[in-house]
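Take a look at the structure set out below.
A, B, ... follow the sequence lines: proteins, then strands. Residue 1 opens every chain. Please read these numbers as outputs of a predicted model, since none were measured by experiment. We use all heavy atoms of the structure for the numbers below, so side chains are in, but hydrogens, waters and symmetry mates are not.
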4 protein chains.
Amino acid sequence: MSKQPDPTRRSERSRQAILAAARELVSEVGYAKLTIEAIAARAGVGKQTIYRWWPSKGAVVFDSILALSEPSADSGMALPDTGDIEADLKVVMRATVAEFADPAFEAPIRALTTEIINDPGLAAQYREKLAGPVDEAKKARLRSAQRAGQIAADADLDLALELLYAPLFQRWLLRSGPLTPEYADTLVDLFLKAMRPPLRH
Amino acid sequence: MSKQPDPTRRSERSRQAILAAARELVSEVGYAKLTIEAIAARAGVGKQTIYRWWPSKGAVVFDSILALSEPSADSGMALPDTGDIEADLKVVMRATVAEFADPAFEAPIRALTTEIINDPGLAAQYREKLAGPVDEAKKARLRSAQRAGQIAADADLDLALELLYAPLFQRWLLRSGPLTPEYADTLVDLFLKAMRPPLRH
Amino acid sequence: MSKQPDPTRRSERSRQAILAAARELVSEVGYAKLTIEAIAARAGVGKQTIYRWWPSKGAVVFDSILALSEPSADSGMALPDTGDIEADLKVVMRATVAEFADPAFEAPIRALTTEIINDPGLAAQYREKLAGPVDEAKKARLRSAQRAGQIAADADLDLALELLYAPLFQRWLLRSGPLTPEYADTLVDLFLKAMRPPLRH
Amino acid sequence: MSKQPDPTRRSERSRQAILAAARELVSEVGYAKLTIEAIAARAGVGKQTIYRWWPSKGAVVFDSILALSEPSADSGMALPDTGDIEADLKVVMRATVAEFADPAFEAPIRALTTEIINDPGLAAQYREKLAGPVDEAKKARLRSAQRAGQIAADADLDLALELLYAPLFQRWLLRSGPLTPEYADTLVDLFLKAMRPPLRH
DNA sequence: CACTAACCGAGACGGTACGTCCCGTCTTCGT
DNA sequence: ACGAAGACGGGACGTACCGTCTCGGTTAGTG
């Protein structure tokens, strides 16, 4: 029977200030050195106001990143579909490479990933709120390619996404190699070779 | 000009006690709640003895895992080579799946990965000391398959390893799906399809 | 521009617990072995609560002794005045001798003195808060004696107090000789001889 | 049956270096912040060499001050005796005032006093080695004055020294007033008044 | 239109851990 | 064998944050 705060009373001004402060501080000092006290101070907010609405530091950071992505999530979120799956995937993969190289994205995403690894709850939220919609858009494009006979009709699309993106993600996460547009292209080529439909005689 | 301790005077007894304590505590309380003080107390050691030889909590944990792997690293570290690359890879991949499922391995590896993500220095050490030897063994097996004409002779083997392992690693790291022997097999199948040498007429 | 804590929010309960713990611990282990950590633990208080309100160990001990004296300071604080300055001073000096011999007083006062010697700031506080009122009372009695023609009318009373008390204080502080009632009497006799008014014809 | 070090093997060079380092450091950082490690480092000596020959920090500092006084202690150590006790004492007292005002003397003496207060063993050593000879010289001068009928023949000379010096010492120790040549003179005047022999008719 | 309940900023509180300093002991090596 | 060097187990330091807990002071919505 614990006391739940009343969301209708919540100060939107404070919420925005907290998320903005969290975003800034993650970029400035990194996730590990980020503290609730610093967020509260930067946001001009009492600590209690943070503890009232978020259960953990990770949750705040997660929301702060989520808040960035939401506006674009409302809009279409569809991948290009020119009919040429290879060209379309290369465009998308090269864009992903560019995103990972952008320092403004890198710090928060790395922070978020760190937290997700050790918090299954956040991981679930991540898949639902952030990865989910994006993955759906990607799978929609692959389904279109299946219909066009460009990739195997019976392919497991979740697995397909892993095959395509996991090498890129791992190389970035562990810094185990350079992320270049050529690398993106090569991954697409290998992916298509693996997913190619069986030959008809 | 800074003062470095003299490694020849180092107490091997203390070193072992610290690494053992770190290993135990990571399993017991998890990496995030692991503290230097707890390691020192468990090891019966002064905190300064830890700070003297390791720059960070991450470095201690890294060494504690490294110490586990070293004995086996001395021995052969060769993968099975029956001539059947598909069968051999499936054995290895299934073993990897099993390893990731073992809670005794999972906790420290997850801890290590967390640390590696945010510490490029540790990441480099990881690649050199832990991943390196293993990857070399795997690439040796793939080279053997190249000689046997089972995979493309001009394939980039680092990339090949990423294609084969990254999906598995990512699924485990982000808990984005079940790790089963069948999954391991499927990855091998897709991998071989992608790496297959071009047909000669 | 530095951040001061707000005294109105101060916890009186904690303040009392800290002063009591400090008093007890000085008696138990002595001033040199007294630690802030032990005071905090005994008082059931966070260390920060001590550091927030006191600048040093010495200041805490000082306050803990001050707190003891304050209640009596409110009351009269007047010395006996029977008209016989010799008898009155001997009573007071013998009382001082007895006080110095009481182990319950000795430890904290010795601690306090140690700290005062090396901290001019504390020394000033000591004179204002502790020694000051007592000295005033003593000087009041001497002034009465001046009016009665028992000691020189033009005598410097601060100097007079030094002449009377310093030998006693020094013998106690340096343990350079026994503190007996007879010693007290002798000091009064010498003091009166030195302060006697000049003879009239 | 603990192992005693053999004094014949003792390195005089190290002993001197340690005492010099202690003297310097007391002046530089004060007694409270003085550490054995700093003394050892400054002296270019192992810590064990200090622990082998001295039981405590206080003992080292005591010896370091003692070493300064010893050369002069060997020589005469007699006070001036012009036959005029008042003039002679004023010279000596004014010299003491000047000594206390000298910062080079002040720091170590204050440190020494601090230690003596809390260590009865050191106090005894102090009286024997340092204060003793000086006091003897002073008492010799007073005895001469007794013979000359300038002070009471039956006066307790230890008490006399306290009466004369304690006010000065206390004022310096507690910083309770200015130390001036006039103050020294006044003390001598009062002292002589108190010690004056009884009138003969 | 007062009343009152909630959120809010602020920040003191009991704690835990930090990374550092120094203690006094012990060990190694060089002279 | 002593001395320099310094690693060791240990204890305390003073600081940074944790998450909880009052404090007034707004700020709604209700009676």
Side-chain angles (χ1 to χ4, degrees), chain A residues 3-11 13-14 17 33-41 43-53 55-57, chain B residues 3-11 13-15 17 33-41 43-53 55-57, chain C residues 3-11 13-14 17 33-41 43-53 55-57, chain D residues 3 5-6 8-11 13-15 17 33-41 43-53 55-57:
Chain A
K3 199 79 77 55
Q4 301 292 355
D6 175 356
T8 68
R9 296 267 207 162
R10 184 166 188 180
S11 160
R13 150 190 284 274
S14 293
K33 294 197 175 176
L34 179 67
T35 68
I36 298 277
E37 294 215 325
I39 296 174
V45 139
K47 282 197 289 177
Q48 200 58 247
T49 303
I50 298 181
Y51 284 111
R52 204 178 347 254
W53 302 109
S56 69
K57 183 175 78 166
Chain B
K3 195 82 71 60
Q4 251 92 261
D6 174 355
T8 69
R9 302 221 167 203
R10 184 167 187 179
S11 161
R13 150 187 287 274
S14 292
R15 189 178 155 271
K33 295 197 175 176
L34 179 66
T35 67
I36 299 276
E37 291 211 325
I39 296 174
V45 140
K47 279 198 288 179
Q48 198 62 43
T49 301
I50 300 182
Y51 286 111
R52 188 155 27 229
W53 302 110
S56 68
K57 186 175 75 166
Chain C
K3 195 80 73 59
Q4 252 91 263
D6 175 354
T8 69
R9 298 216 178 230
R10 183 166 187 179
S11 160
R13 151 187 285 274
S14 292
K33 295 197 174 176
L34 179 67
T35 68
I36 298 277
E37 292 212 324
I39 296 174
V45 141
K47 279 198 288 180
Q48 199 62 45
T49 301
I50 299 183
Y51 285 112
R52 187 153 29 228
W53 302 110
S56 68
K57 185 175 77 166
Chain D
K3 197 80 75 53
D6 175 355
T8 68
R9 295 267 203 161
R10 183 166 189 179
S11 158
R13 152 190 282 275
S14 293
R15 187 177 158 272
K33 294 197 175 175
L34 179 68
T35 67
I36 297 277
E37 295 214 325
I39 296 174
V45 140
K47 283 197 290 176
Q48 200 57 247
T49 304
I50 298 181
Y51 284 111
R52 200 172 355 248
W53 302 110
S56 68
K57 183 175 79 167

message: Let me spell it out: for each of Gly46(B) and Tyr51(C), pick the nucleotide of DNA chain F with the closest heavy atom. Which residue's pick is nearer the 5' end?
response: Gly46(B)
So which nucleotide from [options] ends up closest to the side chain of [X]?
X	options	value
Ser11(D)	dC8(F), dG3(F), dG14(E)	dG3(F)
Val45(D)	dA4(F), dT28(E), dT22(F)	dA4(F)
Lys47(A)	dG9(E), dG14(E), dC18(F)	dC18(F)
Ser14(A)	dT25(E), dC13(E), dG9(E)	dG9(E)
Thr49(C)	dG3(F), dG14(E), dC7(E)	dG14(E)
Arg10(B)	dT20(E), dC17(F), dC8(F)	dC8(F)
Ile36(B)	dG14(E), dG14(F), dC18(E)	dC18(E)

Taking atom [atom2] of [N] as reference, at what distance in whole Å does atom [atom1] of [X] sit?
X	N	atom1	atom2	value
Leu34(D)	dC23(E)	CG	C1'	13 Å
Asp6(B)	dC29(E)	CG	P	9 Å
Arg9(B)	dA7(F)	CZ	P	8 Å
Ile39(B)	dA17(E)	CD1	P	12 Å
Lys33(A)	dC18(E)	NZ	C1'	12 Å
Lys57(D)	dC23(E)	NZ	P	7 Å
Arg13(C)	dT22(F)	CZ	C1'	14 Å
Ile50(A)	dC17(F)	CD1	P	13 Å

Kindly give the heavy-atom pair with the smallest separation between [X] and [Y], and that separation in Å.
X	Y	answer
Pro5(A)	Pro7(A)	O-CD, 3.3 Å
Asp6(B)	Trp53(B)	O-CH2, 3.5 Å
Lys57(D)	Ile36(D)	CA-CD1, 4.1 Å
Ile50(C)	Val45(C)	CG1-CG1, 4.2 Å
Gly46(B)	Ala40(B)	C-CB, 4.3 Å

query: Arg52(A) near the nucleic acid: base, sugar-phosphate alone, or nothing, with a heavy-atom cut-off under 4.0 Å?
result: base
query: Using a cut-off of 4.0 Å on non-hydrogen atoms, how would the nucleic acid contact of Thr8(A) be classed: base, sugar-phosphate, or nothing?
result: nothing
Any Thr49(D) side-chain heavy atom under 4.5 Å of Arg52(D) side chain: yes
- prompt: Is the phosphate of dA7(F), meaning OP1 or OP2, less than 4.0 Å from a side-chain N or O of Trp53(B)?
  reply: no
statement: Sorted by position of nearest nucleotide on DNA chain E, 5' first, the leading residue of Gln48(C) and Gln48(B) is Gln48(C)
query: When you match Gly44(C) and Glu37(C) each to their closest nucleotide on DNA chain E, which lands nearer the 5' end?
result: Gly44(C)
